[in-house]
Structure formats: structure tokens, C-alpha cells
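All remarks here apply to the structure that follows.
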Amino acid sequence: MKTARFIKMAAWIVSLTLMAACSSSSSLGRHSGGMQNNESAPKRGKASKTEQTAKKNNKNEQAAQNPTDSTAKGPINQQELLKQMDENFQTGHFITSKIKFSVEVGNRQMTLTGNLKMKRDDVIRLQLMAFGFVEAGRLEFTKDYVLIVDRINKQFLKVPYAQLDFMRNSNIDFYTLQALFWNELYQPGRSRMKDSRKKELNSEQGLGDDVIFSYNEGRLSYRWLTEGRNARIKMTNIMYSDNIRGDHQLNWDYEDFKPLERKFFPTTHKVTFTMPDKEVKFDMKLSYIGKDEDWETRTQLSGKYRQMPVDDILRRFMSL
């Protein structure tokens, strides 16, 4: 169950960081059972069919944000649309932003603030804050390893991808995660989707001018819901079909595209991990998005931090 393992991996990694932040908030006197400012986490139905995402779009708002978007109607050639998508992808090396991060697991909800810092082909870092100024947890992906830091309890996990069986066996690496965060097409195990793979993609018409690109590998299916008018990826979906154990699915929705370096980047990311026995939702809202280069791309920890066993992390996630 390669994708099932990937979905669990992604969920427990982010969940661990959130647990660290949540426990840190409790230590600081914050009630972790509710939302900041009495807000509620966004409610969404179970992620399932790719076509459902088309109902979530807000074309009028996006068109207002991008008056230069093409308004041409009618069917678009598949290869021409893929070419336009490539041209829309960010070419800069850095993306940085403040984030508001919401998580929902069952009936438990919380909202945290933090920072997202990314350098192309090098690192993805999420910093989660308590009260907006105390770093409670850090999640860092590099090309070589995954680092999870619990600042309050002075503990961490740092392991190469090869030591995480579920990632190694699923061909999930830094570049796959980068494509999800950067709103791009991807091919498992490769830094970029090969042109030969693009030519093999299936396409079908979605609602309105939406186009669905997809390909299958055994029980695995990969889908991208694309807005034909703007050549933007609105949703990425990975599904592992299993009639016995149940389907496992990752759904990553992109909304609220804003200008960034003469192109547009989604400022709302809605991620849903669906498993037979639970569903985990993460929402990231980006603000003050930019391309700051003045930050260290590698986290250095003092000798006060202790390494956490991988088994402990797995037990924590499975107990959620």
C-alpha cells in the first residue's frame, strides 16, 4: 500500500509538529481544545472525486485579481495547455510567507500561526508559533533528510528519506513534496515531470473550462484539476484503491491566487488526508508572500536536544 503509507507518513509528520505546538501552547497557558479568536476550522466534505473540486472555484474573484488572464473560450489543445502550465510555474528560487495553519482531526480543531520558507530544489520549512512569537515546532524537508523539531520539549527527529520505509517504497522524496507546495506537476522519483510523461497524460473535460490530467500506475492514480482559462492547477489528487483495506487518498486544493514575480501563486492550500479509519485536514493561508533570501536554509540544534525514535512518532500519530 504505497500511497497509503505515503498518506500516513505525511499526516503524522505534520501532526507531530502540530502536537508539539499544541502541547507547547498548553504549557504557555493556552487552551488547545478551541480555536484562536473563537474561530472554527474550515468545514469541508470528504475529499473523493476530482470533479468535486471544480465546484469550489471562484472564477470571478480570480479574474478580478488577474485582469491579464486569457478569456478565450472553447477546447484547448492538451499539449498547449501543459505548455501554458509550465510557463505559469514559479521560476524564482525562493518563496517565503507568513501562514495561518488550521488542523482538524476528528472533533479536535486548532489554529496556529507561523512561517513558510522554501528554496527551490533545496529546502521546505514550516515554523509553527505559539502566541505568534514563540516557535513551538519546526518541520524541515531537504533533499537528504526530514527534520522535525519540538522546541519546547527540546526533542527532534532527523532521518534520511532512505530510512523511512514508507517514503522509500513509495518513491516519495523531497521533489514530490516540493511540487505539492509549489503548485506544480510532478512525477514520483524525479525532480521534474519528463516531457515524455506529459505526452502520456490522459485528459478529460471537467466542469466549465476545467481539464483533468491523470495517469495510473497499478492501484495508484494521480490527477490534476486544471483551470483551462488560466492554466493553473487547482487541485492535486493521489489515490490508492484497495477493495479490501479501503481507499487512501490525498487531496491538495489551491485557491486565492495572488501575484508573485509577475506570475500567480495560490495563497490558500487545503489538504485532506483520507484513510479508512480517519480523516485529517490541514489548511494553510499565506500572507505577506515574497521571496526573502536572508535566512539560513539549514537548522542547527544545540546539544540540549534529544533524538526521538521513529517508532515513538508512529505511535503518536496512530493515537490521534
Side-chain angles (χ1 to χ4, degrees), residues 7-47 56 96-118 124-141 146-157 177 180-181 249-256 266-275 277-289 299 308 312-320:
I7 291 172
K8 286 188 176 182
M9 175 280 302
W12 72 248
I13 283 179
V14 180
S15 297
L16 177 66
T17 309
L18 287 164
M19 283 189 290
C22 183
S23 61
S24 303
S25 298
S26 298
S27 301
L28 292 170
R30 174 179 162 197
H31 177 52
S32 61
M35 308 288 290
Q36 287 183 328
N37 302 324
N38 296 320
E39 294 179 355
S40 298
K43 298 290 185 179
R44 300 196 305 279
K46 180 179 179 181
K56 300 178 182 179
T96 56
S97 178
K98 298 291 185 182
I99 60 170
K100 184 177 181 180
F101 200 97
S102 301
V103 60
E104 180 179 343
V105 183
N107 61 356
R108 287 184 286 179
Q109 304 170 355
M110 72 182 82
T111 295
L112 298 166
T113 60
N115 300 293
L116 172 65
K117 296 181 178 181
M118 302 189 291
I124 300 168
R125 178 185 297 161
L126 278 169
Q127 297 169 275
L128 300 180
M129 317 295 287
F131 291 108
F133 62 90
V134 178
E135 182 176 318
R138 177 175 294 202
L139 174 61
E140 188 169 282
F141 295 101
V146 178
L147 173 67
I148 304 170
V149 181
D150 176 353
R151 290 291 192 190
I152 303 301
N153 297 306
K154 295 294 189 293
Q155 53 187 357
F156 73 98
L157 170 71
L177 297 172
L180 290 169
F181 274 91
Q249 185 171 189
L250 165 66
N251 217 67
W252 195 303
D253 291 279
Y254 306 94
E255 301 176 1
D256 303 325
T267 59
T268 297
H269 296 232
K270 296 182 177 181
V271 186
T272 304
F273 302 95
T274 304
M275 294 158 278
D277 58 345
K278 71 179 62 184
E279 185 172 78
V280 181
K281 298 178 181 179
F282 305 107
D283 284 5
M284 290 191 302
K285 293 187 179 296
L286 283 60
S287 59
Y288 303 104
I289 188 169
T299 297
M308 294 181 289
D312 286 356
I313 295 173
L314 290 173
R315 282 195 295 270
R316 291 191 189 193
F317 170 66
M318 296 311 296
S319 67
L320 284 174

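Please read all numbers here as calculations on a predicted model, not as lab measurements.
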Between [Y] and [X], is there a side-chain heavy-atom distance shorter than 4.5 Å?
X	Y	answer
R125	T299	yes
R151	R138	yes
V280	M275	yes
F282	W252	no
L250	L180	yes
E140	F156	no

Distance-only side-chain donor-acceptor flag, S102 / D283, under 3.5 Å: no
Atom pair [atom1] ([X]) and [atom2] ([Y]), whose distance is rounded to the nearest 0.5 Å:
X	Y	atom1	atom2	value
T268	K285	OG1	NZ	4.0 Å
T272	K281	OG1	NZ	6.0 Å
F101	T113	CZ	OG1	12.0 Å
L126	I148	CG	CD1	11.0 Å
D253	K270	CG	NZ	7.5 Å
L139	L116	CG	CG	10.0 Å

Is the H269 ring parallel, tilted or perpendicular to the Y254 ring (thresholds 30°, 60°)? perpendicular
side-chain contact (heavy atoms from CB on, under 4.5 Å) filter on S287, not counting sequence neighbours, yields K98
Determine the minimum heavy-atom distance between M129 and L112, stating which atoms define it. O-CD2, 3.8 Å
Check L286 against S97 and note the closest heavy-atom contact, atom names and distance. CB-OG, 3.2 Å
